[in-house]
S.K.: 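My questions all concern the structure below.
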Amino acid sequence: MTKNRALFLDRDGVINVNYGYVHRKGDFHFIEGIFELAAAATARGFLPVVVTNQSGIGRGYYSERQFNRLMQWVCLQFKRRRAPIAGVYFCPYHPEHGVGRYRRDSPFRKPRPGMLLKAARELHIDLERSVIVGDSASDMKAGAAAGVGRLFYLRSDETAPLPELPPEVRIVRSLTAIVPELNF
Ligand SMILES: [Mg+2]
C-alpha cells in the first residue's frame, strides 16, 4: 500500500495566535498563511494533522470536551478551505502541573514523539516523506525523534531569542514560506 505523507502542525503559535491556553472560539485567531499552507499541502497530497500539547486540560483550565468542541469548529474552517484535517492528536498530561489523573509523564507529550508515531500508525504515514511545522524547540525535537523528513521552525518574531534546535531544522519567517518547500 502506498503510504501517506503528513503536514504535521503544532496548534498554538502555528494554527492560532498563542495567547496561552486558548480554549474559546472568540480567542482563536488564525495565523496568516495557515490556510494557504494547508491547502497547498493538501493539493500536493499531504494530510494535515494537528499535534498539540494541551496541558491546559491537565491543569484544569478547560476540559477535553471543550477542547474537542473547539477543534471540531477549527476542523470545519480547514474543510471549508479545501484542507481537511486528517487527525487531531493532543496530549493533556503534565508531569508536575497536571491535576489528578492528568499528572503524569507521558510519551505523547512533546518533545517526545508519541503523538507523531501514533498518527503515523493510524493514518499510514511515511514519516520520512512528511513535514512538521512548529514554533518551539519541543516541536522540532519531537519531529526529529520521530524521523520526520523536514522540520520547519516558524519564527515570526525576529527579536525573540532563538532556542537550541536540532541541526536539520529550517527556520522560516512565515507559513507561506514553507509552500515552495513542499515539492519533494
Ligand atoms: Mg506552539
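Atoms within a ligand are numbered from 1 in the order they appear, just like the ligands themselves. Because only heavy atoms are used, hydrogens play no part in the values below, and waters and symmetry mates are left out as well, while side chains stay in.
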S.K.: How far does CG of L117 sit from CG of L127, to the nearest 0.5 angstrom?
M.R.: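 With rounding to 0.5 Å, CG (L117) is 6.5 Å from CG (L127).
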
S.K.: For the Mg ion (ligand 1), which N, O or S atom of D135 is at the shortest distance?
M.R.: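 Going through the N, O and S atoms of D135 one by one, OD1 ends up nearest to the Mg ion (ligand 1).
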
S.K.: Parallel, tilted or perpendicular: which describes the rings of H23 and Y62, with under 30° parallel and over 60° perpendicular?
M.R.: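 The arrangement is parallel - the two ring planes meet at less than 30°.
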
S.K.: What N, O or S atom of D12 is found closest to the Mg ion (ligand 1)?
M.R.: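 Restricting D12 to its N, O and S atoms, the minimum distance to the Mg ion (ligand 1) goes to O.
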
S.K.: Backbone or side chain, does D139 get an N/O/S atom under 2.8 Å to the Mg ion (ligand 1)?
M.R.: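 Within the cut-off used here (under 2.8 Å), D139 places no N, O or S atom near the Mg ion (ligand 1).
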
S.K.: From F46 CZ over to L9 CG, what is the distance, rounded to the nearest 0.5 angstrom?
M.R.: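 Reported to 0.5 Å precision, the distance equals 11.5 Å.
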
S.K.: Check the orientation of F90 and F67. Use parallel for under 30°, tilted for 30 to 60°, and perpendicular for over 60°.
M.R.: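 Rings of F90 and F67: tilted, 30 to 60°.
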
S.K.: Measuring from the Mg ion (ligand 1), name the closest N, O or S atom belonging to D10.
M.R.: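 For D10, the N/O/S atom sitting closest to the Mg ion (ligand 1) is OD2.
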
